[in-house]
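What follows is a short report on a single structure.
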Number of protein chains: 2
Amino acid sequence: MHLLDETARPEWIDYNGHLYDGYYGVVFARAIDAFIERIGLTAAVREATRHTVYTLETHTRFLREVRLGAPLAVACQVLEADGKRVRVFLTMRDTGRDILAATSEQLLMSIDQGGEMPKAAPWLPESGAVVAALAAKHAHLPAPEGAGRSIAIRR
Amino acid sequence: MHLLDETARPEWIDYNGHLYDGYYGVVFARAIDAFIERIGLTAAVREATRHTVYTLETHTRFLREVRLGAPLAVACQVLEADGKRVRVFLTMRDTGRDILAATSEQLLMSIDQGGEMPKAAPWLPESGAVVAALAAKHAHLPAPEGAGRSIAIRR
């Protein structure tokens with residue numbers, strides 16, 4: 001599922017002459033913003049219901065360098081979900097060179113900000129239905145290469 | 001090992017009223033820049049030798065919200081290293097509230113940019129000696145909670 005189109009901006013390029021790894025995270029986070037809108041949590045709904053989504057964990061792999069001005073497309077596969085969480089696998093492609101530049105596995109949590117402290121809460125019904133439908137639809141896709149892995153020096 | 005002091009800047013705060021998850025990655029990446037200097041790969045050395053470091057993977061856990069203006073301190077424990085790689089575990093503390101705000105496990109690779117394409121290369125001798133000394137010194141520390149883990153919905 002396509003989520004975001006971006007361009008590698010001048011202020012994101014580092015001393016190595018490529019997209020600074022910290023800014024891959026910003027691009028992926030903006031794709032998650034698009035995902036959150038896609039499941040019905042638009043700014044208006046977030047404001048009215050005080051429900052939102054927090055990112056709990058991310059695992060990002062930097063596979064290829066991204067140069068200034070590169071056109072980037074981020075897509076999403078839902079790996080699993082439950083009543084208040086969803087685990088997704090994002091891919092960032094450099095569509096100019098048709099290469100996979102990076103992947104990011106992310107765990108997201110439904111949050112109710114209406115109380116004294118933000119707390120984990122079940123999905124709003126509309127969002128939960130979309131998340132469950134995406135999980136069911138994507139359950140038939142092959143597991144992405146690299147999903148579910150930890151980081152190690154492999155010898 | 002302390003690496004970086006930062007402050008949660010206004011341009012890093014999102015619609016949830018806290019540090020946007022993408023910018024935790026920028027803070028951690030700046031801490032890695034400090035680590036790279038610490039192992040002798042200063043801008044002058046990088047320029048003269050064409051050796052640098054690329055981040056291959058990151059696994060970040062967002063444990064607590066960080067508010068505008070919060071003072072942040074990033075520290076590093078070396079988990080393992082070999083002749084061209086090092087795996088580190090970074091902690092980001094909000095020193096104003098004395099809480100652990102986030103952790104980031106990262107795998108870094110020594111890179112030679114002198115050829116036609118950047119390629120993995122053994123550490124420069126001086127850097128390799130510092131990396132090995134840190135790994136030996138930190139080998140006696142307990143494994144940080146959350147290191148070496150993959151992401152999943154745990155039921």
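Within every chain, numbering begins at 1; the chains are lettered A, B, ... in the order of the sequence lines, protein sequences first and strands thereafter.
- Interface residue A:Val53: only backbone heavy atoms are found under 4.5 Å from chain B.
- For chain B, no part of A:Leu108 is nearby; none of its heavy atoms comes within less than 4.5 Å.
- Contacts between B:Gln113 and chain A at a heavy-atom distance below 4.5 Å involve the side chain alone, from C-beta outward.
- Note on B:Leu124 and B:Leu134: same hydrophobic cluster, where clusters join Ile, Leu, Val, Met, Phe, Trp and Tyr whose side-chain heavy atoms are under 4.5 Å apart, directly or indirectly.
- For A:Arg30, the parts lying under 4.5 angstrom from a heavy atom of chain B are both the backbone and the side chain.
- Ranking A:Ala152, A:Ala147, A:Gly25 against chain B, the residue ahead of the rest is A:Ala152, based on heavy-atom pairs under 4.5 Å.
- Per-residue counts of heavy-atom pairs under 4.5 Å with chain B were compared for A:Arg155, A:Arg46, A:Arg149; the largest is that of A:Arg46.
- Taking A:Thr55, A:Thr103, A:Ile111, A:Leu79 one by one and counting their heavy-atom pairs under 4.5 Å with chain B, the maximum is reached by A:Thr55.
- Contacts of B:Ala81 with chain A are made by backbone atoms alone, with heavy-atom separations under 4.5 Å and no side-chain atom involved.
- Between the side chain of B:Arg85 and the backbone N or O of A:Arg154 there is at least one donor-acceptor pair closer than 3.5 Å.
- Heavy atoms closer than 4.5 Å to chain B are found nowhere in A:Glu47, neither backbone nor side chain.
- In summary, of the residues considered (A:Leu107, A:Thr58, A:Leu56), a side-chain contact (heavy atoms from CB on, under 4.5 Å) with B:Phe62 occurs for A:Thr58 alone.
- With hydrogens and angles ignored, the 3.5 Å screen pairs a side-chain donor or acceptor of B:Tyr20 with a backbone N or O of A:Ala29.
- Put simply, of A:Val27, A:Asn16, A:Thr52, the one with the most heavy-atom pairs under 4.5 Å next to chain B is A:Asn16.
- Using a 4.5 Å cut-off between heavy atoms, A:Tyr15 contacts chain B through its side chain alone, with no backbone atom that close.
- Only the backbone of B:Val86 comes within contact range of chain A, with heavy atoms under 4.5 Å apart.
- If you measure heavy-atom distances from A:Arg87 to chain B, the contacts under 4.5 Å come from both the backbone and the side chain.
- Contact between A:Glu57 and B:Ile151 at its shortest, heavy atoms only, is OE1-CG1, 3.6 Å.
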